[in-house]
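Report on one structure; see the data block that follows.
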Amino acid sequence: MAEHDSSNFIREIIKSDLASGKWDRVQTRFPPEPNGYLHLGHAKAICVDFGMAEKFDGVCNLRFDDTNPVAEDEEFVRAIEEDVRWLGFAWGNVFHASDYFGKLYAIAESLVERGLAYVDEQSLEEMRASRGTVTEPGTNSPFRDRSPAENLRLLREMKAGKHADGTMVLRAKIDMASDNMMLRDPLMYRIRHIEHHRVGKDWCIYPMYDYAHGLSDALEGVTHSICTLEFDNNRAVYDWLVDKAGYAEPRTRQYEMARLKLQHVMLSKRRLKKLVVDGLVDGWDDPRMPTISGMRRLGIRPEAIRSFVERTGVARADSLVSRDLWESIIREDFNTVAPRRMAVVDPLEVEISNWEGDTEWLDADDWPRDVPKESSRKIPFSKRLYIERGDFSADPPKKWRRLAPGVEVRLRYGYLVTCDEVITDESGKVTKLVCSYDPATRGGDAPDGRKVGGTLHWVSADEAIDREVRLYKPLFTVDVPDAEEDWEAVIDAASRTIVTAKLEPSLKEATANDRFQFERLGYFAPDGDDPKVFHRTVELKSGWNKKPAAAPTRTKPVVQEAVVADYRPTDAASAARFDELVGAGVSEPIAGVLATDADLDALVQEAAKHGAPPVPLANFAVSEVGPRGDRGKLTAKSLADLVSLADSDAINSGAAKKVLDILIANGGEAQAVVDAHGLGQISDTGALAAMVAEVLAQFPDRVAAYKGGRKGLKGFFVGQIMQRTRGTANPQLVQSLLAESLDV
RNA sequence: UGACCCGUGGUCGAAUUGGCAAGACGUCGGGUUCUGGCCCCGAAGGCUCCAGGUUCGAACCCUGGCGGGUCAACCA
């Protein structure tokens with residue numbers, strides 16, 4: 001398949017971590033919980049986790065997050081390993097969170113000893129109530145301030161099995177009033193007197209996801225821990241735990257990407273399970289299921305899934321990928337690997353009236369001319385044939401290119417035939433066609449060079465084999481079944497139709513790994529368990545009779561009231577300062593920020609005393625100093641000098657930013673930094689004019705494009721000059737020189 | 001009603017880190033064709049959510065708004 005290698009934010013992060021020397025290796029992990037089968041969403045995670053490791057010569061481990069023994073099972077472990085292998089990835093190691101139960105527990109004791117965790121005996125309800133809501137802070141548990149010694153004793157009792165399920169938990173002591181609910185003393189351990197599928201009865205307390213996950217990453221030496229967006233809020237806990245456990249930089253970091261969502265596909269694990277349990281589908285590997293095993297059974301190849309993930313990308317924006325793309329990639333994958341065959345799914349008998357004698361075996365190519373492969377097979381032609389019922393019309397519409405009364409068409413690799421007679425039953429249904437063939441057109445070409453409207457697929461009635469063929473539509477009728485409250489109501493009862501089709505005899509020996517294109521019908525795959533059954537993996541694209549074109553909903557003219565923003569703060573003191581700034585000529589948005597950021601404003605007021613011009617100072621402080629957060633070694637004096645320098649055109653705005661970064665990092669004096677780094681502005685007209693001429697000579701095509709109307713290119717030319725001067729050219733001057741040369 | 005995340009042609013998404021708004025799918029038109037597939041050529045489709053600000057220059061930085069998502073399991 002085509003190689004697609006688009007950039008994405010995680011790749012960029014890894015690349016820069018490697019470039020900066022933060023890491024000299026890459027280690028990721030795929031951490032499924034063994035409580036169900038993997039689906040398309042996991043497939044994306046697998047492709048990204050393993051793909052990143054692959055791309056950067058790192059390692060990706062498989063780690064089973066088996067922290068909740070009530071739902072987990074060995075059966076799923078094996079299935080997951082099989083699915084990952086099938087997708088074509090190789091892990092470095094197989095780990096289990098349960099491997100770390102001992103170490104995790106030791107860390108928990110250490111946290112307790114340091115007063116960072118406590119045993120809570122509130123009931124579930126009490127805990128829920130004291131957690132607060134998203135808008136109200138929580139309240140501390142009455143057990144929060146126990147001594148470390150008591151907590152340690154209780155924790156050991158919990159571990160020793162002295163307490164019943166649900167009577168107590170271990171909690172991290174963070175902040176019950178945090179805006180981030182995840183930080184309101186998250187649970188670390190709960191009591192479960194239940195056997196674990198791997199460690200048996202060794203433990204009766206089990207770690208929670210949040211506690212186990214980040215520490216497992218740290219324990220394993222993971223460098224980049226990739227998960228989905230809904231764990232965004234959990235990252236704070238992740239970082240807290242890894243820090244408190246004593247991992248210093250560089251240490252594992254969590255990065256979140258958007259989940260994969262595909263039109264008409266439901267990926268809720270719980271709901272998928274219900275489909276299986278309730279018998280709404282045939283099992284986890286029903287070809288209509290978005291599970292990896294279901295897709296495999298449908299005939300989709302891992303290459304297609306990997307390509308799909310690569311092409312839909314990795315980003316942080318929620319999105320819904322269209323089915324068109326999905327199907328197009330499956331077709332692209334099949335096109336060069338699936339030999340062509342003929343099959344009739346809805347047979348209509350055709351009698352060749354002038355056919356004399358026996359069956360004739362004709363050559364048929366396995367591949368169309370655009371696929372660079374050569375091979376062929378024999379197909380039988382005889383007096384009785386089947387064509388597709390839909391390929392005949394007694395009363396054809398315009399542009400009909402198939403069979404109709406009196407019309408001649410080509411039977412692919414066979415003969416040209418003409419429909420002479422239509423036989424119907426008493427209800428008017430067509431039961432048989434009587435056609436005549438032209439013996440001179442053997443193989444499908446007319447010696448006289450005459451053209452026919454269309455080419456049909458067909459099979460010979462006597463030699464054709466009967467096979468069960470299953471045709472599919474999406475399981476759900478709506479775009480986003482996951483969003484549906486009553487999702488069972490949107491299941492498409494007609495998502496699968498089973499027919500007995502007539503296949504050309506060469507298909508008799510089809511085996512599970514074969515893929516075929518049944519010409520004009522789609523791509524098909526024999527069933528893995530019973531290769532006598534064929535699944536239609538995907539239909540061919542059809543320019544004819546296509547689905548009602550999704551009317552491109554014109555962009556809504558977002559009529560938004562032009563709200564005049566009020567930047568004036570409400571409290572008196574800030575408002576006074578705001579008025580003062582505005583009075584001095586500072587714009588309202590800038591004044592608003594300064595008036596409410598006491599820290600920044602103090603710096604500005606101090607800098608003003610060193611003679612910096614007030615308006616540029618305010619602008620620079622709010623636009624550049626504020627966003628940088630930590631002010632490091634920047635002093636009011638150096639800031640004032642910097643602003644003055646920029647204001648006097650001694651340096652340009654880009655250089656000012658560079659100087660600012662240096663002042664923050666290293667301190668020093670503005671002018672000295674400018675001198676040391678050669679950041680003084682170049683305003684030498686002669687030198688710049690020469691450079692302009694040079695750039696224009698280097699890009700004649702772009703000059704032409706500019707003169708042809710692409711005025712946006714001006715920025716490109718300016719950019720070129722700025723690059724050559726390391727950002728120190730006087731941009732206004734450059735622009736006017738450019739204008740002189742270009743706009744004449 | 002709080003915190004956090006996210007808004008780029010119909011869809012998914014790039015944009016060398018502030019300097020030419022890529023590409024793919026889809027759509028439309030044409031070519032080719034023994035598959036109404038594939039392939040080839042061409043086209044349409046953008047106030048980069050909105051309003052301000054900063055800057056020589058903003059999809060990108062700042063402020064405010066609008067819209068979507070996530071979070072109040074002893075699940076992961």
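By convention in this document, chain letters (A, B, ...) are assigned in the order of the sequence lines, proteins followed by strands, and residues within each chain are numbered from 1.
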Need one value for A:T312: base, sugar-phosphate or nothing, where a base atom within 4.0 Å counts as base even if backbone is also close, heavy atoms only. sugar-phosphate

Taking the side chain of A:R401 as its heavy atoms from C-beta onward, which of B:G36, B:U11, B:C61 lies nearest to it? B:G36

When you measure from the side-chain N and O atoms of A:R520 to the phosphate of B:G36, is any distance below 4.0 Å, counting only OP1 and OP2? yes

A:S319 side-chain N/O to B:G13 phosphate OP1/OP2 under 4.0 Å: yes

In whole angstroms, how far is the P atom of B:G37 from the CD atom of A:E539? 14 Å

For a quick test of reading the model: is some side-chain N or O of A:R311 closer than 4.0 Å to OP1 or OP2 of B:A24? no

Identify whether the distance between the nearest side-chain nitrogen and carboxylate oxygen of A:R341 and A:D366 falls below 4.0 Å. yes

Over 60° means perpendicular and under 30° means parallel, so classify the ring planes of A:Y523 and A:F334, tilted if in between. tilted

State whether a side-chain donor-acceptor pair under 3.5 Å links A:R402 with A:S393. no

Please determine whether any donor N or O and acceptor N or O are separated by less than 3.5 Å between the side chain of A:Q517 and the base of B:U35. yes

From the options B:U1, B:G37, B:G53, select the nucleotide whose nearest atom is closest to the side chain of A:S587. B:G53

With under 30° as parallel and over 60° as perpendicular, where do the rings of A:Y706 and A:F717 fit, or are they tilted in between? perpendicular

Have A:S98 and A:D66 got a donor and an acceptor in their side chains that come within less than 3.5 Å? yes

From the list B:G64, B:U55, B:U35, which nucleotide is the closest neighbour of the side chain of A:Y567? B:G64

Is a donor-acceptor contact shorter than 3.5 angstrom present between the side chain of A:R340 and the base of B:U35? yes

Syn or anti for B:A43, with syn set at within 90° of 0? anti

If a protein heavy atom is under 4.0 Å from the base, mark B; if only from the sugar-phosphate, S; if neither, -; do that for nucleotides 69-76 of chain B going 5' to 3'. SBBBSBSB

Please report the distance, rounded to the nearest Å, between CG in A:L320 and C1' in B:G68. 13 Å

Which listed nucleotide (B:G2, B:U54, B:G37) is nearest to the side chain of A:I590? B:U54

With syn defined as a glycosidic angle within 90 degrees of 0 and anti as anything else, the base of B:U17 is syn

Please determine, for B:A3, whether a Watson-Crick or G-U wobble partner exists with both distances under 3.5 Å, and give it or none. B:U70

Rounded off to whole Å, could you give me the CZ-to-C1' distance for the A:F9 and B:A15 pair? 17 Å

Sticking with atom C1', work out how far B:A15 lies from B:C60, rounded to a whole angstrom. 10 Å

I want to verify a distance call: between B:C12, B:C25, B:U33, whose nearest atom is closest to the A:V321 side chain? B:C12

Look at the side-chain N and O atoms of A:S7 and state whether any lies under 4.0 Å from the OP1 or OP2 oxygen of B:A15. yes

Counting the atoms with a prime plus P, OP1 and OP2 as sugar-phosphate, which does A:V314 contact under 4.0 Å by heavy atoms, base, sugar-phosphate, or nothing? sugar-phosphate

Compare the minimum distances between each of B:G36, B:C38, B:U11 and the side chain of A:K399, then state the nucleotide with the smallest one. B:G36

Nearest nucleotide by nearest heavy atom, which residue falls closer to the 5' end of RNA chain B, A:R442 or A:R316? A:R316

Using a heavy-atom cut-off of 4.0 Å across all strands, would you classify A:P368 as base, sugar-phosphate, or nothing? base

So which nucleotide does B:A21 pair with, by the Watson-Crick or G-U wobble rule with both distances under 3.5 Å? none

Ranking B:C62, B:G18, B:C12 by distance to the side chain of A:K657, first place goes to B:G18

Would you classify A:L521 as touching base, sugar-phosphate or nothing, given that sugar-phosphate means primed atoms plus P, OP1 and OP2, and contacts are heavy atoms under 4.0 Å? nothing

Go through the steps for A:F524 and A:F516 under the test ring-ring contact (aromatic ring centres under 6.0 Å, His included), then give the verdict. CA-CA 5 Å; A:F524 291 75; A:F516 301 101; 9.2 Å; no

Counting only Watson-Crick or G-U wobble pairs whose two distances fall under 3.5 Å, which nucleotide matches B:U63? B:A51

Closest-nucleotide ordering on RNA chain B, the 5'-leading residue of A:V718 and A:Y413: A:V718

